[in-house]
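The structure appears right after this line, and notes come after that.
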Amino acid sequence: MAEVTGTEGPVIETGALTMRFGEVEALTALDISVGEGVTGLVGANGAGKSTLIKILLGLLEPTNGTASVLGFDIARDSAEIRRPVGYMPEHDCLPPDVSASDFVVHMGRMSGLPATVARERAADILRHVGLDEERYRQMGGYSTGMKQRAKLAQALVHDPRPVFPDEPTNGLDPAARVDMLHLVQRIGRDFGIAVLVTSHLLGELEKVSDHVIVLDGGRLLRSSATADFTQHTGGLLVEVLGGETERDRLGERLAPAGLTCRPRGAMIAIDPPEPDVAVHDLVRDAAADLGLGLVRIQPDRAHLEDVFLTGGAVHV
Ligand SMILES: Nc1ncnc2c1ncn2[C@@H]1O[C@H](COP(=O)(O)OP(=O)(O)O)[C@@H](O)[C@H]1O
Ligand SMILES: [Mg+2]
């Protein structure tokens, strides 16, 4: 993780943070620490992600426990916290009869930017999130993807640190999801702004987060560097030219050599072999014997989904 600059200690820290809404306990004695870079906050719907973000913004008062952002205590300094932080809410918050351009300028002014600076920053940031000519149109006519971009732009206009995009990929089609995730990743990596981004989809956050925090029913399930979740399993993935038939022929040929093979999409996943087994040679020889074209042999890495779905801990 990148070095923390400008503050002593973590960007976000909570201690035994608990939030109850009547009978519902949305967060239970949560202890987390968030540093620089992109941190993914993941959990099924209702896990407590939005509640945590609202507490960190000082919009909700926790039932118990402590939290700080950039060293500011949420109980004492909530006005100080809201100034540097950028917030992209989960739900639609855009006035329909205003253009994205006017809205983002307005939000910049609200954050204390002088008028000319707010206009320049709004134009830059709207270009950056990919709203071009549409930015002069009323937002009521926007597609979901354009609305999400406008929501992200208003969270970034005042040069914030950190930024909390809450479910930024919600409602987007697969191509737009990828674009939005790249934007989020660039905020953290290229602009050096700490990001706490939420999603109920493990696979998405694994791609863009340096660190992942998993909530399950308001409790901390795990907090680790993404690389620790996605270490090499010791197995291999093999792809051959052709279709399922070719894939299965190769798998059947490898089984008698003592390799455990399973189909995974168009590929064959080979379980980690016994030590001293020359898997690469076995695969090459088997493909050559069968006259199959080898496309690739690559290390099989674990994915967040594997870690949690096999553990049965997170249901998404
Ligand atoms: N204002 C509220 N009043 C009552 N219950 C709430 C309120 N906000 C959230 N909850 C409940 O708290 C739990 C966590 O919700 P939330 O933080 O929105 O989860 P997530 O963002 O992970 O989907 C859910 O059970 C939800 O119904
Ligand atoms: Mg939520």
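All residue numbers refer to positions in the sequence shown, counting from 1. Just so you know, ligand 1 is whichever comes first in the structure, and atom 1 is the first atom listed for that ligand.
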Protein heavy atom at shortest distance from atom 16 (P) of ligand 1 | Thr51 OG1, 3.6 Å

Do any N/O/S atoms of Thr51 come under 2.8 Å of the Mg ion (ligand 2)?
-> no

Heavy atom of the protein closest to atom 12 (O) of ligand 1 (residue, atom name, distance) = Ala26 CB, 3.3 Å

Should Ala44 be listed as contacting ligand 1, given a heavy-atom distance under 4.0 Å as the test?
-> yes

Distance-only polar pair, side chains of Asp166 and Thr198, donor-acceptor under 3.5 Å = yes

What is the distance from atom CG of Leu254 to atom CG of Asp285, rounded to the nearest 0.5 Å?
-> 10.0 Å

Are the charged groups of Arg284 and Asp281 less than 4.0 angstrom apart, N to O?
-> yes

Are Glu90 and Ser50 close enough that a side-chain donor and a side-chain acceptor fall under 3.5 Å?
-> yes

Numbered atoms and elements of ligand 1 in range of Asn45, under 4.0 angstrom, heavy atoms = 23 (O)

Is the Mg ion (ligand 2) under 2.8 Å from any N, O or S atom of Glu90?
-> yes

So which heavy atom in the protein is nearest atom 23 (O) of ligand 1, and how far is it from that ligand atom?
-> Gly46 N, 2.7 Å

Heteroatom proximity flag, Ser50 to ligand 1, N/O under 3.5 Å = yes

Using a distance-only test with no angle check, is there a side-chain donor-acceptor pair under 3.5 angstrom linking Glu13 and Ser68?
-> no

When you measure from atom 3 (N) of ligand 1 to every protein heavy atom, which one gives the shortest distance, and what is it?
-> Phe21 CD2, 3.5 Å

Test of proximity, Glu90 against ligand 1: N or O pairs below 3.5 Å | no

Side-chain touch Met146/Leu131, heavy atoms, less than 4.5 angstrom = yes

Ion pair present between Arg264 and Glu239, side-chain N to carboxylate O less than 4.0 angstrom?
-> no

Among all protein heavy atoms, pick out the one at the shortest distance from atom 26 (C) of ligand 1; state its residue, atom name and that distance to 0.1 Å.
-> Val24 CG1, 4.9 Å

Going by an N to O cut-off under 4.0 Å, is there a salt bridge joining Arg127 and Asp132?
-> no

Considering heavy atoms of the protein only, find what lies nearest to atom 19 (O) of ligand 1 and give residue, atom and distance to 0.1 Å.
-> Gly48 N, 3.2 Å

